[in-house]
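Both backbone and side-chain heavy atoms feed into the values below; hydrogens, waters and symmetry mates do not.
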Amino acid sequence: MDKQILVFGGTSEGRQLAEIYIQNHIYCTICVATEYGGQILPKSEYLNIICSRLDLDEICNLLSGNLYSYVIDATHPYAAIISENARSACIKTGTPYFRLLRGTTDNNVLNNDNIITFPDTIQAAKYLDKTTGRILLTTGSKDLHIFCNGIKDTKRITARVLPSVQAIETCTNAGLEGRQVIAMHGPFSKELNIAIIKQTGAKFIVTKDSGAAGGFPEKISAAIETGITVILITRPVDEKGYTLNEILEITGTSSIDIPRQISLVGMGMGTPGTLTADGRKAIETAELIIGSGRLLNSINTTGKTIFNAYDADIIYNYIKEHPQYTHIAIILSGDTGFYSGADRLYSKLSGYNIKIIPGISSVSYFAARLKTNWQDTRLISLHGRTQNIIAAIKNNYRTFALLGTKDSIAELAKTCLDYGMDSLVFYVGCNFGYNNEKIIKGNPSYFTEYINQGFLYCIIIENPDACQNIITHGIPDSQFIRGNVPMTKEEIREISISKLHLNKDSIVYDIGAGTGSVSIECARMAYNGKVYSIEKKEEAIKLIEQNKTLHKTSNIEIINGTAPGILEDLEPPTHVFIGGTSGMMRPVINSVLSKNRHARIVINAITLETIAETERIIKETCPQATDIAYVSISKSKTLSGYNMMTGLNPVWIITLSY
């Protein structure tokens with residue numbers, strides 16, 4: 001075996017060196033002071049880990065076998081004893097020694113009246129003994145005895161130390177009680193530092209200048225924001241050494257950028273019991289965990305930096321601003337592939353090495369609780385989005401929906417009743433995976449006064465009267481409420497709708513909607529879109545409302561007014577049907593094209609004047625394609641036992657495609 005490299009670590013820089021050597025297939029031994037320090041290092045055949053506080057003689061014995069080409073001292077800037085021992089041992093054994101320097105903090109950060117500096121811990125302890133107020137020690141367990149001996153009232157002290165057995169024993173031996181100890185692995189975010197300061201009621205925070213890698217700027221920012229005093233133990237003067245890149249060049253190692261592994265972890269219901277083994281592993285190996293407060297509170301974050309956030313932009317900026325974290329877990333509720341924030345995060349973090357770990361979806365969990373399957377269930381979400389749930393319920397025996405707002409269940413129940421859907425069965429579930437999990441069964445009338453308790457709810461709706469989903473348009477005229485309002489006849493309506501070329505999320509204007517027959521057929525086809533029924537006559541408006549309820553087309557919005565003026569505040573259309581404009585054809589089409597130059601327009605014309613006006617508009621607006629059909633329909637009529645054909649008014653069907 002070639003000669004190895006010996007690293008004295010226990011810092012993020014030491015771990016980074018180990019990862020670089022592993023990737024370069026270079027054998028390396030790394031010495032850390034504690035078992036915990038060894039646990040967080042990567043596991044590899046190229047890495048040997050020694051967990052012990054070595055003295056001078058032990059280091060000399062380690063180097064005496066001429067096994068190591070270089071010794072890299074990547075210990076903490078304040079670990080003076082181990083650095084001196086490593087340096088002396090290298091001189092005795094003739095082994096090249098290189099000190100890895102941690103970047104210093106910008107003087108602008110330290111230039112604050114709230115920061116008081118001391119050359120060592122003894123002087124800092126003497127100063128603090130003469131003050132009042134609680135003290136947050138963030139200098140680790142090694143110097144803890146100095147503060148506990150130098151400050152008479154040790155009840156004032158809260159110590160933040162590594163989550164290792166040795167560190168906890170040191171705290172206990174120094175006389176600190178359990179509530180005076182915070183065992184966590186850093187570095188820590190500004191937000192977490194603020195939370196700890198507030199939780200402990202600290203008036204002083206004691207720290208060393210551990211640089212950006214040690215989270216020092218975040219401590220200072222938190223202290224300044226909370227208005228507490230920083231007791232800063234300054235670094236040893238005249239420290240000499242090399243940067244990471246210089247050491248890699250000296251040791252003949254390629255400077256590999258350690259890929260930042262970001263795992264998007266589906267947490268299932270947000271409880272440990274619904275977290276997969278892969279998800280648990282990703283969280284355990286992460287240095288930084290990001291997620292909402294509810295999810296963070298449900299897992300063990302001991303020894304981790306946590307950041308409470310769920311907005312993709314905020315998460316992206318935080319990761320970008322904290323390059324010291326190479327293993328990151330972003331935890332998300334439910335399944336990463338089911339109405340999850342994972343989509344936007346994956347897009348936002350596309351420059352990183354992303355691993356997606358799916359979780360148990362709420363629909364899967366819900367169906368299991370009801371002891372049923374969900375493969376034929378229509379899945380939608382009303383949490384922060386708009387979808388046509390009435391169409392889903394109408395056409396499917398079972399519909400699942402994610403709900404959000406406090407009154408969403410009651411509103412949904414009332415809407416179902418408005419559309420005459422009183423035979424439905426609601427299964428309402430909340431707090432999945434928790435001790436207070438609840439599933440309530442009832443028909444819509446049972447839930448009209450139901451008030452959500454502030455949690456995210458799910459609902460499964462069973463419709464015993466679900467109809468077979470007809471995939472073509474073609475509602476007979478007899479199935480519309482007619483009144484005395486003219487209606488586009490069935491055959492003309494079906495030809496016109498076929499010319500529209502609708503898709504499931506089209507935005508349709510029905511201008512001159514009459515009874516709403518065209519609107520209703522379009523709404524059934526564009527079930528994920530929207531239809532604006534535009535009509536000026538009051539009698540017709542009432543008929544459209546009645547037909548909308550009769551045919552359960554909740555994605556129709558009725559607009560009472562005259563085009564083109566009434567179109568101004570509507571969203572741009574993708575498709576437009578014009579059944580009548582009261583002589584305003586030109587301004588109507590101009591208004592439509594100003595909203596969407598590529599809208600597809602179908603016009604029904606029965607008068608020569610309308611046809612002539614449309615011809616002039618075609619020449620002026622220059623559509624890419626024009627289709628004109630002259631349609632004459634005859635319908636049979638029984639007279640004295642004979643079927644006689646009766647002719648209807650001929651209609652021009654004109655299609656403009658831009």
Side-chain angles (χ1 to χ4, degrees), residues 378 380 385-396 419 467-477 479-480 487-535 544 547-559 563 567 570-581 588-589 591-605 614 621 623-629 631 651-658:
R378 174 79 164 90
I380 64 176
R385 62 186 70 217
T386 300
Q387 289 191 277
N388 190 355
I389 189 169
I390 294 300
I393 296 170
K394 172 186 172 184
N395 295 312
N396 296 277
Y419 284 95
C467 64
Q468 292 296 320
N469 190 16
I470 300 172
I471 62 173
T472 62
H473 48 81
I475 302 175
D477 287 347
Q479 292 185 17
F480 291 100
M487 183 175 75
T488 303
K489 297 301 185 290
E490 181 180 339
E491 289 75 17
I492 301 299
R493 184 170 64 247
E494 307 323 324
I495 295 172
S496 299
I497 291 173
S498 70
K499 297 290 186 180
L500 277 172
H501 295 182
L502 297 173
N503 53 53
K504 64 181 180 180
D505 54 2
S506 296
I507 304 299
V508 183
Y509 288 178
D510 179 7
I511 299 175
T515 61
S517 61
V518 172
S519 292
I520 286 160
E521 297 232 42
C522 290
R524 285 177 35 159
M525 301 183 70
Y527 53 85
N528 281 345
K530 193 164 188 177
V531 176
Y532 292 94
S533 293
I534 300 156
E535 176 58 53
I544 297 171
N547 282 314
K548 172 184 174 182
T549 301
L550 176 65
H551 292 278
K552 300 177 176 59
T553 46
S554 61
N555 56 329
I556 291 177
E557 183 173 337
I558 303 170
I559 306 295
L567 307 180
L570 303 184
E571 63 183 307
T574 57
H575 301 78
V576 178
F577 174 77
I578 300 177
T581 63
V588 165
I589 290 181
S591 177
V592 166
L593 295 180
S594 70
K595 286 175 163 291
N596 179 8
R597 181 65 192 174
H598 301 289
R600 186 175 179 88
I601 302 171
V602 172
I603 303 167
N604 280 185
T614 304
T621 59
Q624 294 176 355
T626 301
D627 177 81
I628 301 175
V631 180
V651 178
W652 295 74
I653 300 176
I654 304 166
T655 305
L656 308 180
S657 177
Y658 292 89

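To the nearest 0.5 Å, the span separating CD on Glu521 from OG on Ser496 amounts to 10.5 Å. Interatomic distance, CG of Asn596 versus OG1 of Thr574, reported as 7.5 Å (0.5 Å rounding). A distance of 10.5 Å separates OG of Ser519 from CD1 of Ile511, quoted to the nearest 0.5 Å. Going from atom OG1 of Thr614 over to atom CD1 of Ile603 covers 4.5 Å, rounded to the nearest 0.5 Å. Considering CD1 of Ile520 and CG of Asn555, their distance stands at 10.5 Å, rounded to 0.5 Å. To the nearest 0.5 Å, atoms CG (Asn547) and OG1 (Thr515) are separated by 6.0 Å.
A distance-only check finds no donor-acceptor pair linking the side chain of Thr655 to the backbone of Val602 [under 3.5 Å]. Checking side-chain atoms of Ser591 against main-chain N and O of Val588 turns up no donor-acceptor pair under 3.5 Å. No donor-acceptor pair closer than 3.5 Å links the side chain of Gln624 to the backbone N or O of Ser657. Using modelled atom types, no side-chain atom of Asn604 and backbone atom of Val651 make a donor-acceptor pair closer than 3.5 Å. With hydrogens and angles disregarded, no donor-acceptor distance shorter than 3.5 Å links the side chain of Arg493 to the backbone of Met487. The backbone N or O of Ile393 lies less than 3.5 Å from no partner atom in the side chain of Lys552, so there is not a single donor-acceptor pair. Not a single donor-acceptor pair under 3.5 Å links the side chain of Glu557 to the backbone N or O of Lys530. The main-chain N or O of Gly474 is never found under 3.5 Å from a side-chain atom of Glu490 such that the two would form a donor-acceptor pair. Between the side chain of His575 and the backbone N or O of Leu500 there is at least one donor-acceptor pair closer than 3.5 Å.
The one candidate from Lys499, His473, Lys489 that meets the side-chain hydrogen bond (donor to acceptor under 3.5 Å, both in side chains) condition with Glu494 is His473.
Counting only N and O atoms by type, the side chains of Ser554 and Asn388 include a donor and acceptor under 3.5 Å apart.
Taking each heavy atom of Leu656 and Pro623 in turn, the nearest pair found is CD2-CG, 4.2 Å. Pairing each heavy atom of Gly512 with each of Glu535, the nearest pair is C-OE1, 3.5 Å. Between Gln479 and His551, the closest heavy-atom pair is O-NE2, 2.9 Å. Summarising the geometry of Cys522 relative to Val508, their closest heavy-atom pair is SG-CG1, 4.3 Å, with the distance given to 0.1 Å.
Residue pairs satisfying the salt bridge (Lys or Arg N to Asp or Glu O under 4.0 Å) criterion with at least one member in residues 500-516, sequence neighbours excluded, are absent.
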Audit row: Arg378, Asn395, side chain to side chain contact (heavy atoms under 4.5 Å, CB included) steps and yes/no: CA-CA 9 Å; Arg378 174 79 164 90; Asn395 295 312; over 6 Å; no
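Side-chain contact between Ser517 and Ile475: absent, with no pair of heavy atoms (C-beta onward) separated by less than 4.5 Å. Inter-residue side-chain proximity for Ile589 and Val576 is flagged as unmet; no heavy-atom pair is nearer than 4.5 Å.
Using cut-offs of 30° and 60° on the angle between ring planes, the pair Tyr509 and Tyr532 is perpendicular.
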